[in-house]
Amino acid sequence: MPEDPIGQEMARILNEKLQRVIDRQTEHTVALANHTASLDRLEKGQEELKDLLRQLLDRSPDNHR
């Protein structure tokens, strides 16, 4: 850290601002990971519903003509 008091204060302020930016980026990264996981679960659920619908349609009397 710089020896002069003004340089030390500027370095402290910059470090605080940098830490806030890093903290926000971390929060956004976690939020993005959570949203990605939610989207993955939704996609899996959609695939399961499509499979069930296919099974139901395959059993339907209209398909056995």
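A donor-acceptor pair shorter than 3.5 Å can be found between the side chains of Q19 and D23.
To the nearest 0.5 Å, the span separating CD on E27 from CZ on R24 amounts to 8.5 Å. Atom CD of E16 is separated from atom CG of L14 by 9.5 Å, given to the nearest 0.5 angstrom. Within the model, atoms CD1 of I22 and OG1 of T29 stand 11.5 Å from one another, a figure rounded to the nearest 0.5 Å. In this structure, CG in L39 is found 9.5 Å from CG in L32, a value given to the nearest 0.5 Å. Rounding to the nearest 0.5 Å gives a distance of 11.0 Å between CG of L57 and CG of L52.
Counting heavy atoms of neighbouring residues, nucleotides and ligands inside a 6.0 Å radius, atom CG of L42 exceeds 12 of them.
Salt bridge status for R12 with E9: present, with a side-chain N to carboxylate O gap under 4.0 Å. We find that K50 and E47 are joined by a salt bridge, their nearest charged nitrogen and carboxylate oxygen being less than 4.0 Å apart.
Taking every heavy atom of both residues into account, D51 and R54 meet most closely at OD1-NH1, 3.0 Å.
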| request: Would you sort out whether R20 and K17 count as a side-chain contact (heavy atoms from CB on, under 4.5 Å), showing the intermediate values? | output: CA-CA 5 Å; R20 284 196 297 270; K17 288 184 178 201; 3.3 Å; yes
